[in-house]
Amino acid sequence: MKNILLLGSGGRECTIAWKLSRSPLCGSFFIAPGNAGTSEYGMNLPFGYNDFAAIKAACIHHKIDILFVGPEEPLVNGVYDFIKNDPETRHIIVVGPSQQGAQLEGSKAFSKKFMERHNIPTAAYREFTTESVEQGISYIKKQEPPVVIKADGLAAGKGVVIAESIDAAVKAFRQMVTFNQFGDAGKKVVIEQFLDGIELSVFAFTDGDNYILLPEAKDYKRALDGDKGPNTGGMGSISPVPFATDDFMQKVIDRIVEPTVKGLKQEGIVYQGFIFFGLISVKGEPFVIEYNCRMGDPETEVVMPRLNNDLVELVLKMEERKFNEVKVEINPKAAGAVMLVSGGYPDAYEKGKVITGLNEVGGSLVFHAGTTTKDGNVVTSGGRVMAITSYGDTLQEALAKSYENAAKVKYDGVFYRKDIGYEFK
Ligand code: AMP
Ligand code: GLY
């Protein structure tokens, strides 16, 4: 039995908590800070996932064997190195890359250069800084719109502008680089070619030498039906993705996944954890839009339910660098998740709304995101409130079940997209 501490508080972490707690190898289980849903699977600890001192104290106090890192921020801040450089905690298995490995997500310029070194297909780009603003502007003027402008660092998904005209591109670039719109994250800016295609998310779990491939997924980022409205953290997800044929996935493996895992190893970048490939298929050819150093949210809500392997066992195999011995077992059923959000999200929304109807949900999995308990009630505490995931023989059957159950959950301002999976009807 292994004692586990999971960092995070979203729908992704609730799903990982559900999955870990089903393992017979899961001993004492803690989540920091967790949400109302994670407390069904383990004990929530009241500190933030960036509080390294509290993480260390909890690891020692609860005799933690495995630290499972959900979100990117602690990884980019170096939680792996913090645990591994301390004699009191270095024996702990950390699921998640070193600070250097997390740069795949933490720095667009780093990931672009990495892809260039390893011939991994991605949009053509140039990198500019506060010292090369004029060069950046003249580069933009040579492009055909739309032009994609990206702040280098973590910007909570808001650091990307797709400018429809050269003027808008110059304006967005200036705002990032000179007016420091994204703080330090925008001191360096990547300008890249716009790729026109359809996106999907592919996940590898690497032990540093080998990798296993998890089911692919697609998330729905825009707030409103028909992919309209502002970008959000994700309004729903599906797995499998119908256009990810064997032929397409083989290209992804040969051109993207293998060169990435080999490249990390070759460069001595310490990486044991998930690699999230944000891909775009341009006429059937895969390109990398971005890397993330963790699982996706809400993709996890459909990927983990389709993974039949014991997740704790996989973590132990990761530590032994024996993923070459693992056979990934994937549930052939489709999974579809619908995200219930707070009214107004992703703009201003109210919190503290009492959630009812959860007991009436049947035949679906409920993964909490922005929820907490207050006075014996489950109440909303974030923009994305919970994901409802269902299985089905087809995606549409899975989604129909999720929608049937979504309608039973009530709180003031409840909102969700009604068309998740619409392209695949
Ligand atoms: P990123 O933060 O790099 O994932 O970008 C956020 C979103 O912007 C992506 O999910 C895409 O929808 C879009 N995007 C980013 N880069 C490109 C690109 N080169 N071409 C087209 N769309 C892009
Ligand atoms: N669903 C996209 C992400 O997790 O970044």
Side-chain angles (χ1 to χ4, degrees), residues 8 10-13 15-16 69-73 75-76 102 104-112 115 120-127 140 143-164 169 172 176 182 185-186 189-203 214 216-223 227-239 241 274-283 285-304 337 339 341 346 367 369 383-384 387 420:
R12 167 182 50 215
E13 286 75 24
T15 314
I16 293 170
V69 188
E72 63 279 10
E73 239 191 291
L75 293 166
V76 172
L104 278 189
E105 175 166 2
S107 164
K108 303 271 184 209
F110 176 93
S111 73
K112 281 294 201 180
M115 287 187 263
I120 295 168
T122 186
Y125 81 106
R126 286 273 300 276
E127 178 191 322
I140 291 173
Q143 308 304 307
E144 276 289 317
V147 183
V148 182
I149 322 264
K150 297 184 176 183
D152 180 61
L154 287 187
K158 296 185 184 71
V160 177
V161 173
I162 298 179
E164 299 295 340
M176 274 188 207
F182 295 106
V189 171
V190 163
I191 299 178
E192 67 178 42
Q193 168 203 10
F194 176 78
L195 296 174
D196 196 5
I198 177 158
E199 289 179 58
L200 82 159
S201 307
V202 167
F203 303 94
L214 305 182
E216 79 285 353
K218 183 175 196 313
D219 78 338
Y220 291 79
K221 288 201 179 78
R222 306 287 286 270
D227 287 330
K228 303 248 162 45
N231 264 319
T232 70
M235 299 292 290
S237 56
I238 57 162
S239 178
V241 180
F274 298 98
I275 312 174
F276 168 155
F277 302 87
L279 304 182
I280 190 160
S281 165
V282 182
K283 300 192 177 79
E285 305 301 320
F287 290 80
V288 178
I289 294 261
E290 64 165 348
Y291 286 113
N292 293 311
C293 60
R294 36 89 192 166
M295 285 297 293
D297 195 351
E299 290 95 328
T300 304
E301 287 89 315
V302 291
V303 170
M304 284 299 164
M339 188 61 80
V341 305
F367 298 123
R384 290 192 291 174
I420 300 304

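Just follow the structure's listing: the first ligand is 1, and inside any ligand the first atom is 1.
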List ligand 1 atoms under 4.0 Å from Glu199, heavy atoms only on the residue side. 9 (C), 10 (O), 11 (C), 12 (O)
Give a yes or no on whether the backbone of Asp297 and the side-chain of Arg384 come within a donor-acceptor separation of less than 3.5 Å. yes
Near Glu290 (heavy-atom distance under 4.0 Å), the atoms of ligand 1 are 1 (P), 2 (O), 3 (O), 4 (O)
Tell me if the aromatic rings of Phe277 and Phe203 count as close, with their centers under 6.0 Å from one another. no
Going by the 4.0 angstrom heavy-atom rule, the piece of Val148 near ligand 1 is side chain
Tell me whether Ala123 has any N or O atom under 3.5 angstrom from an N or O of ligand 1. no
Tell me yes or no: between the side chains of Ser107 and Asp152, is some donor less than 3.5 Å from an acceptor? yes
Give the atom numbers and elements of ligand 2 that come within less than 4.0 Å of a heavy atom of Gly296. 4 (O)
Using side-chain contact (heavy atoms from CB on, under 4.5 Å), reason through Leu214 and Met295 one step at a time and then give a plain yes or no. CA-CA 10 Å; Leu214 305 182; Met295 285 297 293; 4.0 Å; yes
Out of Lys108, Glu105, Glu192, Lys221, whose heavy atom is nearest to atom 19 (N) of ligand 1? Glu192
Donor-acceptor check, side chain of Ser239 to backbone of Glu216, threshold 3.5 angstrom: yes or no? yes
Between Glu285 (side chain) and Val282 (backbone), is there a donor-acceptor pair under 3.5 Å? no
Going by an N to O cut-off under 4.0 Å, is there a salt bridge joining Glu192 and Lys112? yes
Keeping Glu105 on the side-chain end and Cys293 on the backbone end, is there a donor-acceptor pair under 3.5 Å? yes
Which segment of Asn231 sits under 4.0 Å of ligand 1 when only heavy atoms are counted: neither
Could you see which bit of Glu299 sits under 4.0 Å from ligand 2, with heavy atoms only: side chain, backbone, both or neither? side chain
Sub-3.5 Å N/O-N/O distance, Asp297 and ligand 2: yes
If you scan protein heavy atoms around atom 2 (C) of ligand 2, the nearest is Asp219 OD2, 3.5 Å
Say whether Arg294 and ligand 2 are in contact under the criterion: heavy-atom distance to a ligand atom below 4.0 Å. yes
